[in-house]
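Convention: sequence-line order gives letters A, B, ...; per-chain numbering from 1.
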Amino acid sequence: MLKQPVDGYFGDYGGRYVPETLIPALDELLTYYRELQHDTEFLKVFDDYLSHFVGRPTPLFYASRMSDVCGVQLYFKREDLNHTGAHKINNSLGQALLAKKMGKSRIIAETGAGQHGVATATVCALLGLTCVVYMGEEDIKRQSLNVYRMTSMGADVRSVSSGSKTLVDATSAAIRDWMQSVESTHYIIGSVVGPHPYPEIVRDFQSVIGKELKIQCQDMFNALPDYILACVGGGSNAMGVFHPFVDDLSVRLVAVEAAGKDSGHSLSLAKGSPGVLHGSKSSLLQNSQGHIDLAHSISAGLDYPGVGPELAYLRDQNRLILGNASDDEAIQAMKWCARLEGIIPALETAHAIAYLKKTTQFKESDRIVLNMSGRGDKDMNTLINYDN
Amino acid sequence: MTIEAKHFRDSISCIPYFTYADPNPDFTESLVRLAFDSGAALVELGIPFSESLADGPVIQTSHFRALSNNRINFMQSALEMVERLSKDYDQPIVFMAAYNLILQFGERAFFEAAKKASLSGIIIPDLAIDHAKDLQLLSKEFGVQLIFLVTPQSSNDRIEYIAKQSSGFVYVVSTTGITGEQQQLSDSLKSFVSTVKRYTKTPVCVGFGIHSVDQIQSISSFADGVIIGSALVKRIEQNILNLDQCYESLKELLDKFCASGKS
């Protein structure tokens, strides 16, 4: 009997708008996930790797100098301290373990800034899986450190030279690979985008961030935070930190997107309209005919014309405060954070820091948690070139 | 007009595919006319879209050519062309378009405009049948057929369901994945097509990867129609700098493919 999809939607957003070739693979993925998401053995294995390989739990750090300057009580959730330097590994690890359970021996992934590519190459080396990563030609240039990391771990990094040569094109290339390799291959999507069940699976694996945070807030100040700030490209670090707090309405959730520069931006939540891209209905930057716009951000990880469907839904429910920061503001914020707290954030994360720096909405008594989604080693070249 | 079994009466029913406006709308129109004059049973036109997931490099590139060379409303322009052609030709034309293009045009608006233009059918490769209920109702209301794809990976239950729902014809994908010439078609293609034919009387057409007369003849012995895309689009790419030469080259190819085995 053909089952009509009941889940897989967040309001009107989500779904699985993919060619028929991928439907059996998505059905299989959903079946395995439903079985394993509550399987204590699977969760224990995942947890053990998160502790001993990734280095979790990540600290919640009180940023005293920045708090003084901004006039708030600011905490960083240190996802930059994870093995490989960003939150991406939480998801790559979970999905790689899932893939092994499904008997897949080959993994493919798309990557923008390279952090998801690195995380995927890492877990493939750990678990003995073949790894192919698709990356836009532009992104390869601006994140070359990450390319070397991936190849040194045995991954095959394939350059995508079509379209804007960035994340959106790498995603399309990965999907096309999957269409031809679907029987032996699992596609580890790096963010809360793509066809159902990916937005749910990625969010769930990333939720370790928010779950830990809740306990840490309890321990540290015996309360929930007033605000949680996260940068949003596809939305995985945001959904990971937000998800356990979605029903706690006193916690305001701030999603910070890339305002880019005059020639382009990536404001999918602020300026997008409903459309279907890469398998799900979400909020997209597109023209009136439905052609996808060229997004822009100096940070490869935020440079994407779409966003996860669950975030589009939360926005429509007025659950989110939308913020943004330009290329310039992000670069300045990166330097500012480095000097004030001795933490060099990823350029993506720097957008959230830039928003914090410029906004006047916060009060002195506000406890703000900023999701430090990644560290900025990969962005040093960009920083140096920007100044010159 | 409605696609029916009669359109696949010939021993070989050839269905050429072109990307609309590759490299410009007038050239596409001339190719469609040429295709019908050469004996094509039906023509399929792809509406340009940059993220066409089901397409390999040749057809992807054709989408980019069309998008970068033209500043037009592709869907409107294509529909106008279909309306013009319907006055001169009886053979059906169908579109292949990404779901987002239909969504932005307006689902009802699209079916209404398609009917007015005498577009026979639409294939939406990223719309799995599970999400197609609304469009199926519109398809019935306006008489513009909604053609679904079936692939060998699907379960028999699902193949049966899709085969029974597809109107116009059932589009069998010959191989795993994306468009692009295949050296060898899968041996199981014949048995897959007969599986599909067990479930429905709707004509069954095979596409993806076909590029030789041998393949066309072989497939025509068990399927009702054969769709040829990348082989033609590649010829356009190879001759893109001289459209007259391009036209002649395609004429030769279309004669070879479409005229073989005409009754």
Side-chain angles (χ1 to χ4, degrees), chain A residues 1-6 8-9 14-28 160-164 168-169 171-185 194-196 273-282 284 286-294 305-306, chain B residues 47-57 60-61 63-64 67-68 72-77 97-106 123-133 148-155 157-162 164-165 171-173 175-180 208:
Chain A
M1 282 310 294
L2 196 77
K3 277 180 262 189
Q4 291 301 316
V6 170
Y9 278 94
R16 38 184 216 175
Y17 298 90
V18 293
E20 181 59 31
T21 304
L22 295 180
I23 296 289
L26 294 173
D27 281 341
E28 182 191 36
V160 181
S161 57
S162 52
S164 59
V168 64
D169 315 283
T171 307
S172 297
I175 294 174
R176 288 185 196 109
D177 178 314
W178 204 31
M179 303 251 318
Q180 298 171 86
S181 61
V182 72
E183 268 142 23
S184 64
T185 296
H196 176 59
S273 58
V276 171
L277 175 65
H278 294 149
S280 79
K281 190 182 280 190
S282 190
L284 313 178
Q286 58 184 322
N287 70 9
S288 57
Q289 293 188 51
H291 297 136
I292 310 302
D293 281 346
L294 248 47
Chain B
I47 307 298
F49 185 62
S50 58
E51 316 303 320
S52 59
L53 301 180
D55 288 318
Q60 267 179 68
T61 310
H63 283 269
F64 281 119
L67 289 167
S68 52
I72 56 173
N73 185 314
F74 292 89
M75 193 70 91
Q76 302 271 35
S77 176
Y99 183 52
N100 199 43
L101 298 178
I102 308 283
L103 203 56
Q104 303 314 317
F105 194 95
I123 306 160
I124 307 173
D126 58 344
L127 185 72
I129 197 156
D130 324 74
H131 293 314
K133 269 236 146 38
F148 289 103
L149 293 108
V150 281
T151 68
Q153 287 78 33
S154 303
S155 65
D157 274 354
R158 200 172 163 91
I159 293 169
E160 179 178 355
Y161 185 73
I162 298 171
K164 289 184 167 142
Q165 299 287 314
Y171 195 139
V172 164
V173 171
T175 181
T176 308
I178 59 179
T179 61
F208 286 39

#### Entry: Heavy-atom proximity to chain A below 4.5 Å, by part of B:Leu53
both
### Summary
Rounded to the nearest 0.5 Å, the CG atom of B:Asp130 sits from the CZ atom of A:Arg16 at a distance of 5.0 Å
#### Entry: B:Gln76 versus chain A, the contacting section by heavy-atom distance below 4.5 Å
neither
### Task
Under 4.5 Å heavy-atom distance to chain B, tell me which part of A:Pro274 shows up: side chain, backbone, both or neither.
backbone
### Query
How many angstroms lie between CD1 in A:Ile175 and OG in B:Ser52, if you round to the nearest 0.5 Å?
11.0 Å
### Message
Strictly distance-based, threshold 3.5 Å: is any side-chain N or O of B:Asn100 a donor or acceptor partner for the main-chain N or O of A:Gly275?
### Response
no
### Query
What heavy-atom pair brings A:Ser162 and B:Phe64 nearest, and what distance separates the two atoms?
CB-CE1, 3.9 Å
### Task
Decide yes or no for A:Glu20 and B:Val173: does some side-chain heavy atom of the first lie under 4.5 Å from some side-chain heavy atom of the second?
no
### Query
In terms of heavy-atom proximity below 4.5 Å to chain B, should A:Leu277 be classed as side chain, backbone, both, or neither?
side chain
#### Entry: Atom pair CD/CD1 of A:Gln289 and B:Ile47 - distance to nearest 0.5 Å
10.0 Å
### Query
Does any heavy atom of chain A fall under 4.5 Å from the side chain of B:Ile124, the backbone, both, or neither of them?
neither
### Query
Cut-off 3.5 Å, side chains only: do B:Glu51 and A:Ser172 have a donor facing an acceptor?
yes
### Query
With only heavy atoms counted, which part of B:Leu67 is less than 4.5 Å from chain A, the side chain, the backbone, both or neither?
side chain
### Query
Taking the side chain as C-beta and beyond, is there a heavy-atom pair between A:Asn287 and B:Gln104 under 4.5 Å?
no
### Summary
When the 4.5 angstrom heavy-atom criterion is applied to B:Ile123 and chain A, the contacting part is neither
### Task
Could you tell me the separation between the OG1 atom of A:Thr21 and the CG atom of B:Leu149, rounded to the nearest 0.5 Å?
7.5 Å
### Query
Does any heavy atom of chain A fall under 4.5 Å from the side chain of B:Phe74, the backbone, both, or neither of them?
both
### Task
Please work out which of the three classes, parallel, tilted or perpendicular, describes the rings of A:Tyr17 and B:Tyr99, given edges at 30° and 60°.
parallel
